[in-house]
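Below, each value reflects all heavy atoms present in this structure, side chains not excepted, and no hydrogens, waters or symmetry copies. Every chain is numbered from 1 and lettered A, B, ... according to where its sequence line falls, protein lines coming before strand lines.
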Amino acid sequence: MSIEKFQYIRSLQAHEGQMVTIKGWVSNKRDSKGLVFLIMRDGSGFAQCVVDAAQVSEEIFERAKRLTMESSLSLQGTVVKDEKQIGGYEIRVTDLEIIQVAQEYPIAKKEHGVEFLVENRHLWLRSRKQWAMMRVRNRVIFAIHTFFQQNDFLQMDAPIFTGNACEGTSTLFETDFYGRPAYLSQSGQLYGEALAMAHGKIYTFGPTFRAEKSKTRRHLSEFWMIEPEMAFYDLDMNMDLIEAFLKYVVQDVTAHCKEELEILERNTAFLENAVALKFPRIHYDDAVAMIRGEKDVDGKNSIKLLEQDLADIKARIAEIEKEIADREAKISGGSLKQGEINFNRNKIDTLKNEVKELEEKANNIPQWLNSALNFEHGNDFGGSDETVLTRMFNCPVMVYNWPAAVKAFYMKRDPKDPRYVKGVDVLAPEGYGEIVGGAEREDNYELLLERINHEQLPVEAFDWYLDLRKYGTVPHAGFGLGLERMVMWISGGQHIREAIPFPRFYGRLEP
RNA sequence: UCCUCAAUAGCUCAGCUGGUUAGAGCGACUGACUGUUAAUCAGUAGGUCCCUGGUUCGAGCCCAGGUUGGGGAGCCA
């Protein structure tokens with residue numbers, strides 16, 4: 001594009017040795033008598049810009065000195081290669097215009113608490129890790145569209161206002177629709193099925209809403225879901241598609257977001273290995289046996305692994321506590337310089353936080369163990385059961401053929417054993433939980449009607465949906481992917497609220 | 001809704017067994033320093049100890065109730 005008369009940090013490489021104009025913000029600053037080091041960010045990346053009193057006029061040097069964190073400016077300078085720098089290049093400044101000297105910026109370089117950061121989400125988004133996370137999200141979205149478009153899927157949108165609860169289970173947000181109650185959609189799937197009967201292969205990509213009072217790092221009240229629906233697909237084809245799709249997205253993101261994943265300190269070797277493996281497909285019955293520890297996988301036992309994890313965490317806590325005590329002894333020893341004392345204090349702060357998190361984990365594991373050991377065949381998996389199961393694998397696992405009682409009415413019965421439905425859940429490794437839920441749909445009018453009645457759902461609300469089984473019904477299948485959970489897994493983040501620009505969850509409506 | 005942990009300076013935290021005027025680091029501000037990578041060094045300002053009630057000669061600390069937040073369960077992507 002030739003609209004801009006300035007350059008972006010991302011493209012500095014192409015301008016080595018040349019004069020460039022950069023417009024952006026001060027993300028950090030260090031100065032001494034004759035030098036000011038500005039870490040500039042311009043949205044495309046970060047770069048150190050050096051203002052040398054010997055090289056610029058007194059006025060320009062004074063301007064550089066006046067800059068505060070997050071001040072906005074435009075500067076010119078020469079691009080110089082410097083391996084030590086973030087992007088590999090730095091800028092020797094020759095001219096500098098201040099756009100605004102920012103007021104005291106609330107987000108400091110030091111660690112902050114979660115609540116403070118979420119409260120300042122509109123500013124937090126500027127910091128390096130959040131910047132990287134949003135770029136990963138962007139690439140995930142792009143890869144999803146690319147995959148489906150290249151495979152002849154049409155993107156079609158489902159409505160957000162709905163008159164009925166599609167699954168009737170989860171809690172819905174109620175709104176007023178011209179005097180009638182309407183609900184914010186919790187899935188576009190039923191509409192996706194109608195669209196698949198018109199276009200063959202489609203996918204929806206839109207926001208969904210769940211009024212669950214969940215307070216965990218895996219839940220949001222508003223999140224984005226991708227729901228493909230394919231005519232003439234059965235469960236096996238569905239699973240083939242899910243596997244190919246997930247692998248494509250992961251490979252595309254790891255190939256195109258190297259810098260971002262590095263900033264996020266993501267272990268990409270794990271991801272690359274995960275998508276090189278064939279995703280295990282496990283029958284529900286086998287999964288239950290594995291969770292209970294009755295069935296080993298490659299010599300690994302779920303219960304023993306969990307017990308080992310607990311022991312490891314406890315050992316780690318003891319280790320950290322010893323380090324904290326050592327550092328405290330050093331500080332009170334009195335022979336340290338101020339700088340060393342500060343360094344040790346900061347280190348102790350970080351270590352204490354780590355202990356806090358480990359202790360929370362250690363508190364939860366016994367409950368998880370209990371839940372795994374006493375898991376009853378026929379139940380749905382809880383969050384901890386998923387973790388217990390996926391802990392044994394280094395890639396996503398697919399659990400298929402679920403007990404009909406715990407799954408939605410629209411899932412097709414397995415003709416070989418009608419106690420089960422042809423549904424599949426894909427569980428991400430490393431504790432990220434369920435990222436995909438899918439199924440072959442019930443395509444028989446009578447059986448579907450029977451299920452709707454059995455679940456005591458209002459039949460009249462499903463008239464149009466039942467129509468799909470009257471006018472040329474065909475076998476079909478589809479699935480739903482939670483965008484933020486996918487972003488979380490790929491980026492290795494700790495909390496789903498970091499995977500969406502402005503998270504909405506229980507108790508959080510601003511900013 | 002349940003279990004569990006927490007709330008002290010703008011931020012992250014310390015504050016011992018209940019005892020006089022509540023501390024540190026970071027950030028901000030002033031100054032020193034030619035290459036820093038969370039720079040360093042000296043100094044200055046900055047407090048409704050979440051709220052209400054109680055116990056006590058005396059409460060940041062103990063008790064009761066509440067509010068807000070973290071983690072988990074349930075539910076789910």
Side-chain angles (χ1 to χ4, degrees), chain A residues 28-39 46 48 50 52-55 68-69 82 84-86 90 92 103-120 167 169-171 186-187 208 210-221 223-227 328 331 337-350 352-353 356-357 359-368 370-371 379-387 406 408 425-428 432-438 479-486 488-489 494-496 499 506-508:
Chain A
N28 198 3
K29 178 188 158 189
R30 290 176 285 275
D31 63 348
S32 57
K33 192 174 186 183
L35 284 168
V36 177
F37 299 96
L38 300 170
I39 310 297
F46 295 78
Q48 171 163 287
V50 189
D52 186 338
Q55 306 291 323
T68 55
M69 292 274 283
D82 182 351
K84 281 186 297 183
Q85 299 308 328
I86 314 160
E90 78 170 16
R92 303 280 160 82
Q103 295 180 25
E104 184 179 337
Y105 191 63
I107 298 181
K109 283 171 269 186
K110 218 194 159 221
E111 284 176 56
H112 290 284
V114 223
E115 194 193 351
F116 178 79
L117 289 171
V118 175
E119 198 76 51
N120 288 283
E167 301 191 21
T169 50
S170 301
T171 335
Q186 54 177 345
S187 164
T208 47
R210 309 250 168 119
E212 295 155 357
K213 291 182 180 173
S214 295
K215 285 170 59 171
T216 81
R217 41 182 94 206
R218 301 188 309 278
H219 288 87
L220 289 168
S221 303
F223 64 97
W224 288 70
M225 196 150 66
I226 296 91
E227 296 179 281
E328 264 163 1
I331 291 172
K337 281 191 223 154
Q338 195 56 45
E340 290 173 303
I341 291 173
N342 289 348
F343 175 81
N344 278 295
R345 286 233 169 89
N346 288 338
K347 200 80 191 174
I348 288 170
D349 266 15
T350 314
K352 279 190 177 172
N353 267 326
K356 228 190 221 170
E357 280 203 11
E359 274 173 349
E360 256 167 14
K361 239 186 189 171
N363 279 339
N364 287 330
I365 288 182
Q367 296 172 35
W368 294 4
N370 194 43
S371 157
N379 285 352
D380 207 348
F381 295 172
S384 67
D385 305 314
E386 291 171 0
T387 308
V406 298
D425 280 0
V426 181
L427 311 174
Y432 286 99
E434 187 178 344
I435 50 172
V436 168
F479 63 91
L481 170 80
L483 175 66
E484 287 76 15
R485 287 199 182 164
M486 185 70 177
M488 252 5 248
W489 175 48
Q494 288 305 297
H495 202 298
I496 196 159
Y506 184 57
R508 174 60 57 187

* Asked: On a plain distance test, is the side chain of A/His219 in donor-acceptor contact with the base of B/C76 below 3.5 Å?
  -> yes
* Ignoring hydrogens and angles, answer whether the base of B/C76 and the side-chain atoms of A/Arg485 contain a donor-acceptor pair closer than 3.5 Å. => yes
* Is it true that a side-chain atom of A/Ser214 and a backbone atom of A/Thr216 form a donor plus acceptor pair closer than 3.5 Å? -> no
Pairwise [atom1] distance for [N] and [M], with rounding to whole Å:
N: B/C41; M: B/G60; atom1: C1'; result: 34 Å
N: B/G46; M: B/C29; atom1: C1'; result: 11 Å
N: B/C62; M: B/U17; atom1: P; result: 10 Å
N: B/A73; M: B/C63; atom1: C1'; result: 29 Å
N: B/C51; M: B/U40; atom1: C1'; result: 43 Å
N: B/A28; M: B/G66; atom1: P; result: 42 Å
N: B/U52; M: B/U48; atom1: P; result: 13 Å

Tell me the partner of [N], counting only Watson-Crick (N1-N3 plus N6-O4 or O6-N4) or G-U wobble (N1-O2 and O6-N3) with both under 3.5 Å; none if nothing fits.
N: B/U1; result: B/A73
N: B/C57; result: B/G19
N: B/A6; result: B/U68

Would you mind classifying the nucleic acid contact of [X] as base, sugar-phosphate or nothing, using non-hydrogen atoms under 4.0 angstrom?
X: A/Ile39; answer: nothing
X: A/Glu484; answer: nothing
X: A/Ile435; answer: sugar-phosphate
X: A/Asn370; answer: nothing
X: A/Asp380; answer: sugar-phosphate
X: A/Ser371; answer: nothing
X: A/Lys215; answer: base
X: A/Glu227; answer: nothing

* A/Glu119: partners by side chain to side chain contact (heavy atoms under 4.5 Å, CB included), with sequence neighbours left out ->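 Listed in chain order: A/Glu115, A/Arg508.
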* Asked: Taking only side-chain nitrogens and oxygens of A/Arg30, does any of them come within less than 4.0 Å of OP1 or OP2 of B/U40?
  -> no
Counting heavy atoms from C-beta on, name the nucleotide in [options] closest to the side chain of [X].
X: A/Phe116; options: B/U12, B/U68, B/G35; answer: B/U12
X: A/Thr216; options: B/C75, B/A77, B/G72; answer: B/G72
X: A/Asn28; options: B/A77, B/A38, B/G71; answer: B/A38
X: A/Arg218; options: B/A28, B/C75, B/A77; answer: B/C75
X: A/Ser214; options: B/A38, B/C75, B/C76; answer: B/C75
X: A/Glu115; options: B/A77, B/G69, B/G72; answer: B/G69

* Asked: Stacking here means centres under 5.5 Å and planes under 30°; does A/Phe223 stack on B/A77?
  -> yes
* In whole angstrom, give the distance that lies between atom CG of A/Leu35 and atom P of B/A39. =>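 Spelled out: CG on A/Leu35 to P on B/A39 is 15 Å.
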* Shortest non-hydrogen contact from A/Arg485 to A/Tyr432? ->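 Shortest heavy-atom contact: CD-O, 4.3 Å.
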* Residue closer to the 5' end of RNA chain B, A/Gly507 versus A/Gly480 (nearest nucleotide) ->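 Of the two residues, A/Gly507 wins.
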* To do: Assign each of A/Arg92 and A/Glu386 to its nearest nucleotide of RNA chain B by heavy atoms, then name whichever residue's nucleotide is nearer the 5' end.
  => A/Arg92
